[in-house]
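Here the structure is laid out as structure tokens; the discussion comes afterwards.
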Protein chains: 2
Amino acid sequence: MARPPEFDRTKALEAAMKLFWIRGFTATSLPDLLEAMGIARSSFYASFRTKRDLFTECLELFGDRTLAMINEDNRSLHPRDLPHAFFESTILNVSKHRAGRGCMMVNTILELANADPALNELATQKLYAVEQAFAGAFSLAQKSGDMDTTYTSKQLASLVMTINLGLRVQSRQNKSREELQSIIERSLFALGLAA
Amino acid sequence: MARPPEFDRTKALEAAMKLFWIRGFTATSLPDLLEAMGIARSSFYASFRTKRDLFTECLELFGDRTLAMINEDNRSLHPRDLPHAFFESTILNVSKHRAGRGCMMVNTILELANADPALNELATQKLYAVEQAFAGAFSLAQKSGDMDTTYTSKQLASLVMTINLGLRVQSRQNKSREELQSIIERSLFALGLAA
DNA sequence: GTAATTATGTACCTTTTAGTCCACAATTAA
DNA sequence: TTAATTGTGGACTAAAAGGTACATAATTAC
């Protein structure tokens, strides 16, 4: 009963996410977004309401994908190996360009912690879901006597997240893949999670 | 031979640093700065050239102070205790408000990694100086047989920095002092640096 | 007092920002 | 073919951004 859209909403969202991911919220201007998404201004506002709403949607997408990645690994790997697999697939086995984007949740927290508490909260919540995924897997393995219990599952997940956050910052610096790999190996060794 | 300035440059710089520290570069507007610094527009440009130049100066000041703090501790403490002392005085023994500001170098790296590589570089360099300070202290203690050698001094300093970066992200989230303290204690324990 | 010099307050500039408006295009139901 | 509905392009707006210009105020050297 009406004219159909000329663009693929999912693809446009994807393009926006990549841009926000690398540049952050403030530094990404509307013209930047429109060009990357390949749509016109009016279509933008009709489909995504505001820049901030779009950012929120992108952040949710990013967080959900990150969580899905861990849940996927959790079906085939031993819980002890989940952190290493996570670092492999998000830091080591990706292009330098992509590694340089870091983690969108972390970027958001540091950019907007004080300027937009609601977005900080959303990013924090998404990161917490990741931490919970690790903790759940560790807990099961510990209960079946299949994993060291020096730390409780929650404590261990918390430590893994601290390392993760540290690595995300280093990803946005000029650290080489080799340096990052060394840090990953030694950190996991220190936590008793070496391969 | 000329009219004297009506403001204290050092105090104005200090005020600017605090504002940049908490809000970041982009989100701090010129009117914000002028009000916090207590000076007029023309005095601002006469004394600090541009907003970016001022930010650079603030970042240098912040980095130098951070380094000085560690060097100071290094005169009275065992190298093994330096990381703990550092976390105490920058995260645990400060107001919630101040802890929530995190570390200006880390904030800068995540905000400007892609938008301003030169500032990313400066922040990275300042952080590296901190890492070197730790490494130097560790190295001396190891050589005098006074410290564990599971990791080389550089490796250990690198791990401490990773933890540090992770903690700075968590400081900008809503983590309580108690949570942060737990993470600090367990992280240092994992690195063999427990008190 | 006067000249020289530097600081300051105010008005202004250009550019860019996010967001709105509306005429027109394209589609479907009847 | 017509009415109804929704998408799109482009012009537009108001606010805010960083930065400049300049007249005036305050000081020192002489």
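Just the heavy atoms: all of them, side chains too, but no hydrogens, waters or symmetry mates, feed the values below. On a predicted model such as this, the values are computed, not experimentally measured, just so you know.
Interface residues of residues 10-30 of chain A facing DNA chain D, ordered by number: none; criterion, heavy-atom separation under 4.0 Å. Non-hydrogen atoms lying under 4.0 Å from DNA chain C are contributed by B/Arg41, B/Ser42, B/Ser43, all within residues 41-50 of chain B.
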List the steps, then state whether side-chain hydrogen bond (donor to acceptor under 3.5 Å, both in side chains) holds for A/Gln173 with B/Thr124. CA-CA 7 Å; A/Gln173 296 180 285; B/Thr124 294; 3.3 Å; yes
task: Kindly determine whether B/Glu111 and B/Thr26 satisfy side-chain contact (heavy atoms from CB on, under 4.5 Å), including the steps that lead there.
output: CA-CA 9 Å; B/Glu111 184 195 345; B/Thr26 313; 2.7 Å; yes
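The distance from atom CZ of A/Phe7 to atom P of D/dT6 is 15 Å, rounded to the nearest whole Å. Across the protein-nucleic acid pair, B/Arg9 atom CZ and C/dT8 atom P stand 12 Å apart, rounded to whole Å. To the nearest angstrom, C1' of C/dG19 lies 16 Å from CG of A/Asp32. We find that CZ of B/Arg52 is positioned 14 Å from P of D/dG18, with the value rounded to whole Å. A/Leu33 has its CG atom 11 Å from the P atom of C/dG19, to the nearest Å. At whole-Å resolution of the value, CE in B/Met37 and C1' in C/dG9 are 17 Å apart. The nearest whole Å value for the distance from the CD1 atom in B/Ile39 to the P atom in D/dA25 is 21 Å. When the P atom of D/dA17 is taken as reference, atom NZ of B/Lys51 falls 9 Å away, rounded to whole Å.
Environment of CZ in B/Arg9: crowded, with over 12 heavy atoms of neighbouring residues, nucleotides or ligands closer than 6.0 Å. Atom CD of B/Glu35 has 12 or fewer heavy atoms from other residues, nucleotides or ligands within 6.0 Å. Sparse packing is recorded around OH of A/Tyr128, with 12 or fewer heavy atoms of other residues, nucleotides or ligands lying under 6.0 Å away.
There is a side-chain donor-acceptor pair under 3.5 Å between A/Thr90 and A/Arg168.
Taking the ring axis of B/Phe25 as reference, the NZ or CZ atom of B/Lys51 stays within 45° of it and closer than 6.0 Å to the ring centre.
Taking 4.0 Å as the cut-off between side-chain N and carboxylate O, B/Arg65 and B/Glu14 count as a salt-bridged pair. Between A/Arg80 and A/Asp148 there is no salt bridge, since none of the side-chain N atoms of the basic residue sits less than 4.0 Å from a carboxylate O of the acidic one.
Taking only side-chain atoms of A/Pro31, from C-beta outward, the nucleotide of C/dA18, C/dT8, D/dT8 with the closest atom is C/dA18.
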